[in-house]
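Since this is a predicted model, take the numbers as computed values, not measurements. Numbered from 1 within each chain, the chains take letters A, B, ... in sequence-line order.
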Number of protein chains: 2
Amino acid sequence: MDRETDLDILARTELFRALPREALDEVRRSSSRKRVGKGDVLFHQDEPVSTLYIVVVGRLRALQTTAEGNQVIIRYLGPGEIAGYAALDDSATYPGTVAAVDDSHVIGLSKGAIRRLLERFPQVALNALSVLGNRYRETQLRLRELSTESVERRLARTILRLGSQAGRRTAHGIEIAFPLSRQDLAEMAGTTLHTVSRTLSGWEKDGLVMSGRRRVILCRPEALTVIAETAP
Amino acid sequence: MDRETDLDILARTELFRALPREALDEVRRSSSRKRVGKGDVLFHQDEPVSTLYIVVVGRLRALQTTAEGNQVIIRYLGPGEIAGYAALDDSATYPGTVAAVDDSHVIGLSKGAIRRLLERFPQVALNALSVLGNRYRETQLRLRELSTESVERRLARTILRLGSQAGRRTAHGIEIAFPLSRQDLAEMAGTTLHTVSRTLSGWEKDGLVMSGRRRVILCRPEALTVIAETAP
DNA sequence: CGGCTACTTGACCAGATTCAACTCTTGTGG
DNA sequence: CCACAAGAGTTGAATCTGGTCAAGTAGCCG
């Protein structure tokens, strides 16, 4: 593990930005790197909370499963973001499951280490508040969309969002840079894979997107934005 | 303003519990009480953040309005809870509007005062994390319900939740202790006032609830729980 | 009272889910 | 290396939940 690099990486994460050098050193000392392969689970819903993870490279996703077995994707996590926020507010169990959707690297910190950092360095706590505040607002927004907007609109918003947080420029447009099935999109937009498939087929015919097996490319994002912002 | 009483009240709020006496004094010094009449607005969506409020008595509600003018009720706030969490994570504008649904008393603290408290007393920051964490989880749960459950189920959950957080025992059952219209329920459950009206009428016929103009009484909560937990 | 707001209910309609059948990829093991 | 099973996607048809439209009633306040 390269010490210099690790400090640089930590300094750029949402949780440990703007820390004094001393604090950053302390973080590094209490953390450990870990590789997670595609599909590997970091922790399961309802398991006791032990660790907070920081994504270094790759992409993970947080999802929740209902009593009936339905899944809802809470969010995708990329470099610099945290997985396991339950360790921040000292809640007993993880509210969801986090698994890698691509080979990834994470840094793990024990619940105890996080507590110590929060109490000792106010900036860590302020950063943590900002992380939770942002996620809370993000979820409120989705709630609002889900209550008031059509499936097509929600789906347009969903892929635009994914494009902006994990998009890669290609010859045909912005490609969402991790495997993403119809089912995944359905679990994010609150619909079924059938409706997603039909909608994407329609958009593909109009040249708005290109999509295939677990792949989505946004060819005309502006046109999708129009859909995302047009009632009904 | 009674100083002793105020300290006691503060010590029982979600944000200022478990503080050392010194911190509590500091909070009291930087805070000021305020009355808000039924219908009065504490702050508006998109307004710059200036103040964080703590509910002392009464009931407020937080809601968001979409570009098309649809409203979504984020939550109702009762004694001990905070309004204006945006002041905690230093975000620029309020994400929603908060207004009183009954005559209420609140304690206000300026954004600056909150910042100082957060930096100086780690326990305040830990409490704040727990507040935001709980709200985030609560919203995730609603998101999950909205994506996967029928209107009837969501409505049952909604009134059960309101009953448990603001219920008052009466001769006929648990009455939700503040004015609550069909429209309000619709904006919480993600549906229309028509569907709410039809559903409540049905339940009333079966003796599960009694309801009238802005009033709801849960006569048979157990039966509602069954509805809330039965697919589809 | 008169007017406003809340509520109710019927009729109709449509967006979206469900059911079902089929195709296309991919990757695994014989 | 090929075969074939499993996974992913497509699409039509039927269905239905819940929203929209419309019209009217009941309760409340000035």
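We find that CZ of R215(B) is positioned 12 Å from P of dT8(C), with the value rounded to whole Å. Atom NZ in K38(B) sits roughly 15 Å away from atom P in dT5(C) (whole-Å rounding). Put simply, CD on E152(A) is 13 Å from P on dT17(C), counting in whole angstrom units. dC7(C) atom P lies 12 Å from atom CD of E204(B), rounded to whole Å. In this structure, the CE atom of M210(B) is 13 Å from the P atom of dT8(C), given to the nearest Å.
In this structure, S197(A) contributes its side chain and L193(A) its backbone to no donor-acceptor pair below 3.5 Å. At least one donor-acceptor pair closer than 3.5 Å links the side chain of R154(B) to the backbone N or O of G190(B).
Within residues 171-192 of chain B, the residues having any heavy atom closer than 4.0 Å to DNA chain C are, in order of number, S181(B), R182(B).
E149(A) meets the salt bridge (Lys or Arg N to Asp or Glu O under 4.0 Å) test with R153(A), R157(A); sequence neighbours excluded. Residues that satisfy the salt bridge (Lys or Arg N to Asp or Glu O under 4.0 Å) test with E175(A), not counting sequence neighbours, are R168(A), R215(A).
Considering only heavy atoms from C-beta on, R144(B) stays 4.5 Å or farther from I74(A) through its side chain. Using a 4.5 Å cut-off on side-chain heavy atoms (C-beta onward), R33(A) and I54(A) make no contact. Using a 4.5 Å heavy-atom cutoff, the side chains of N134(A) and R137(A) are in contact. Counting heavy atoms from C-beta outward, F16(A) and L109(A) have side chains that approach closer than 4.5 Å.
First and last contacts of DNA chain D with chain A, using any nucleotide atom under 4.0 Å from a protein heavy atom and ordered 5' to 3', fall at dG7(D) to dA13(D).
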Distances under 3.5 Å only, N/O to N/O: pair up the protein atoms with those of nucleotides 20-29 of chain C.
none

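Contact annotation for R214(B): backbone-only contact, meaning every heavy-atom pair under 4.0 Å involves sugar-phosphate atoms and none involves a base.
Nearest heavy atoms, L160(A) versus P221(A): CD2-O, 3.8 Å.
Ring geometry for F43(B) against Y53(B) counts as parallel: the plane angle stays under 30°, on a 0 to 90° scale with 60° as the upper cut.
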* Test log, rule side-chain hydrogen bond (donor to acceptor under 3.5 Å, both in side chains), inputs T97(B) and R61(B) -> CA-CA 8 Å; T97(B) 297; R61(B) 77 171 171 198; over 6 Å; no
* Apply the test side-chain hydrogen bond (donor to acceptor under 3.5 Å, both in side chains) to residues R59(A) and Y76(A): give CA-CA distance (whole Å), side-chain angles for both, the deciding distance (0.1 Å), then the verdict. => CA-CA 7 Å; R59(A) 182 108 5 211; Y76(A) 280 86; over 6 Å; no
* Report the C-alpha distance between N127(A) and S130(A) in whole Å, list the side-chain angles of each, state the deciding distance to 0.1 Å, and finish with yes or no for side-chain hydrogen bond (donor to acceptor under 3.5 Å, both in side chains). => CA-CA 5 Å; N127(A) 288 346; S130(A) 144; 5.9 Å; no
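For the strand DNA chain C, secondary-structure stems (runs of at least three Watson-Crick or G-U pairs, all distances below 3.5 Å) span C:1-30 with D:1-30.
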